[in-house]
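First the proteins, then the strands, lettered A, B, ... as listed; each starts at 1.
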Amino acid sequence: MTCHAIVRVAGRRRLFRSREDRSLTKRCPEAQRPWTALAGIVLVLLLPLGAAAGLLLMAGADDMAADTVLPDAYVWRVVRFTLLQAALSTLLSVTLGMWVGHALFRQGHMAGHGLVTRLLLLPFALPQLVAVLGLLAVWGRHGWVNQLLQALGMQDGISLYGLPGILLAHVFYNAPLVARLVHVRLAAMPTEYLRLAAQLGIPRRAFWRLVTWPVLRGILPGAALLVFMLCAGSFTVVLVLGGGPGATTLEVAIYQSLRFDFAPARALILALLQMVLTGTLFLLLRRLAAWPDTMAGLSPVAPHPHAQEHGARLIDGAAILLLVALVALPLAGIMQAGLAADLARLLQETAVWQALVTSLAMAAAATMLALMACALLLTSMAAPRGGVRTGAWPSLAEAVASLVLVISPVILAAGWFVLLARTDLAQERTAAFWLVSGINALMSLPFVWRTLAPAWRDLRQRHGRLCAQLGLSLPTRWRLVILPGLAPALGPALAMSLALSLGDLGAVALLGSEEFRTLPLLIYQRLGSYRTADAAGLSLILLLMVTALMLATERLARKGDIRP
Amino acid sequence: MITCASITAIGRQVRKAMQAWAATAITLGVLAGIIAPAMAGGNRPVLTIYTYDSFTAEWGPGPAIEKAFEETCNCDVRFVALGDGVAILNRLKIEGERTKADLVLGLDTNLMVEAGKTGLLAPHQVSLKSLRLPVKWDDDTFVPYDWAHFAVVYDSARIKNPPTSLKALVEGPANVKIVIQDPRTSTPGLGLLLWMKAVYGDRAGEAWKKLKRRVLTVTPGWSAAYGLFTKGEAPMVFSYITSPAYHMIEEKTERYRAAIFAEGHYLQIEVAAAVKTGHLELARRFLAFMLTPGFQDHIPTRNWMFPAGPTSKPLPEAFGRLGTPPRTLLMTPEEVARNRKVWIAEWLRAMSE
């Protein structure tokens, strides 16, 4: 009887209650529970549980009865707007992304291809505030486009307030993502298809119908769902570009119902609605498609049979130019607006330095916490004696690591804000610091997990049994094998975590105060008092900080790379 | 090939890098912990005043008033800017007894009853003899410090025919926009809500739906809205009848004017009150100081409102050219307190249509 079978039978006959337990588990170590992983899971769940406790307890104490909240038409209009803007954003992003992704695939050998693909990775790594300010610098009322339109005689120009601005920002973020996903998937097509099509002389339209579209059809639902989920949970963009109660999403409504009104009952209902929405989308996404690996390489394929055709080149060129302009212009805009700001004066303000230091410290703490949590959760995949465990525990660990995709940072911050509101800790800097760090750690956990888990699993499979045979202790194993082996993956994971934590506004918008202020919060406050020049200057500083940290972590990782 | 030596060597490197990271993180954390308290200083008593952001700005009255009071009190005045007026009340409600405020400055008559209900405010014990208001005042908790009627301020270079009544504003063309404030956080925002209620009564919801077409955006506070207006984002903004005085005096232009509405204008009287649980003695001294020229002198030309107390010089002559409302509209604090939440819910429904 195999060990697994023994365990199963023993479980059914409830043999684990007897003294046989210990000897059984000694002989059959797969039956052992991974206690470290359990510890990790409990640690990670502390934050959401506290938030839930906060919202539930305080909702009861609220003088606005919870049963007047649900029938309130406002709540349903907020839901409607959330879904509307997410649907429109998805439509626009997926259309543009698909067009550009296909163009990049078809023109795989054009000059500057590598540059364009790298440029398209940029929006996702940008702090949202920086991106929004860049968009304002280009498309805002006093931005480049309106200045051009006014020079051409059109007085009215375009307005970014409300839905148009939100859609533009979402397309800025998500169209490059979809383009990348489509490009990667198409590039994975066997090169024989392309060569055969060229030999057979298949015309363009037929090639699309027979070869390209079936591949695209496979990835589009997953990509669309992913973009929908991201847009439905978008906070910073809607906070800054939304134009009032008519342009509010669930997340911003949660923030407003606590910051503006202090109505925990309404915040709770909104949070539950948001969790139902994102939860459903997340489950659909897992059912529909495995996460496409956006880090996959794009090795040049055989030349596309229609790459050189006139019509194709026109369409592809237009697509690529459009997206490059959409992405590059706001970046240029933020550089220009930032340099135009009075940086010398800004750098002399104590508030700015405090915010800078706080941001860095908080991002470092968040990254450390994320790595610790990830390390604990990774042990869920550790079968004793060096094997790799599959089954319930790793799935549970992965689900817990992805928790923040369902329970957003704003909801976590809302719960803790309400929990701490009546206590002495409400204005304590330390409490706010660790809470925001914890929430940001949770926020970066999915990315850190997705980067480290495959690498860790691979490492374990290759060296796990050898380490067990050599009898290496845990710290030694980490020092000699795991850390050096993880180093290439650690770089991007660290960089992503730092970038996300530095640029986050969701958690700190609710938990920040005069005593605890990060750079994004300072930027948002300056925007609010309409000192946009200041905000642009500070955004430039934030952008430089994020870029510097990301480059530094990538270099550190490359130093530790053991590949010759 | 992966040799033992290379694993060890590279592992050492990575470990050093990790140690460096940890050291940096700890240092930065400690720095953050040190810098902030190092900013506060001195061991004189600190009078903490919760107020709105345009009060504490460099161009606002806050810095001058802080200097003037600190000369007489041997204390440290610390302003805490919380956004706009209603945010002050919200903060008090959230903090409750543990509030760090000694004084709240920037509420108005619409919020007095709700603020009183928190049980955190103490009687002011200040003589109101020198008070100069357009209405009678006999409250024993709140001391007024300035007043002005609300008004729609417009750019006369872009609008040749300004609205002459609230009805004209509500039913005007949709392509001429106005910036308004959110009544949940801003006292002018709440003022517009109550003004619409006072004029339209039960039909205020429909009126808001019509006005919504003309709203460019709703900002959380007065400063953001006025900033958008002066930058030219919209030709109209909801502000005070005294706002054009700033442009007449500081910028020497008559371009920005206040529209006078036939139905009358809603009046705002801004008040301050002492918090029971703070430095009560010091707060009461500040409240008494508020009704002296030392404070009131800075109100007309820094807060751009009418002073509620005596000033050492007469008002600048620009204040005489601001236009007079035909009537004053003002709801009682009790009526506002009873209905504020319901009216705001109605506003939210109308505006999210």
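- A side-chain contact (heavy atoms from CB on, under 4.5 Å) with A:Tyr161 holds for exactly one of B:Val215, B:Leu228, B:Val218; it is B:Leu228.
- For B:Trp347, the part lying under 4.5 angstrom from a heavy atom of chain A is the side chain only.
- Around CD of B:Glu97, the count of heavy atoms belonging to other residues, nucleotides or ligands within 6.0 Å does not exceed 12.
- Expressed to the nearest 0.5 Å, how far CG of B:Leu348 lies from CZ of A:Arg266 amounts to 6.0 Å.
- Comparing B:Thr217, B:Val86, B:Thr185 by heavy-atom pairs within less than 4.5 Å of chain A, the highest count is held by B:Thr217.
- The contact between A:Arg259 and chain B is made entirely by backbone atoms, counting heavy-atom distances below 4.5 Å.
- The heavy-atom pair separating A:Pro245 from B:Ser352 by the smallest distance is O-CB, 3.5 Å.
- Interface remark: B:Ala81 contributes backbone atoms only to the contact with chain A (heavy atom separation under 4.5 Å).
- Listed by chain and number, the residues in a side-chain hydrogen bond (donor to acceptor under 3.5 Å, both in side chains) with B:Arg349 are A:Asp72 (sequence neighbours excluded).
- Neither the backbone nor the side chain of B:Leu89 comes within contact range of chain A, judged by heavy atoms closer than 4.5 Å.
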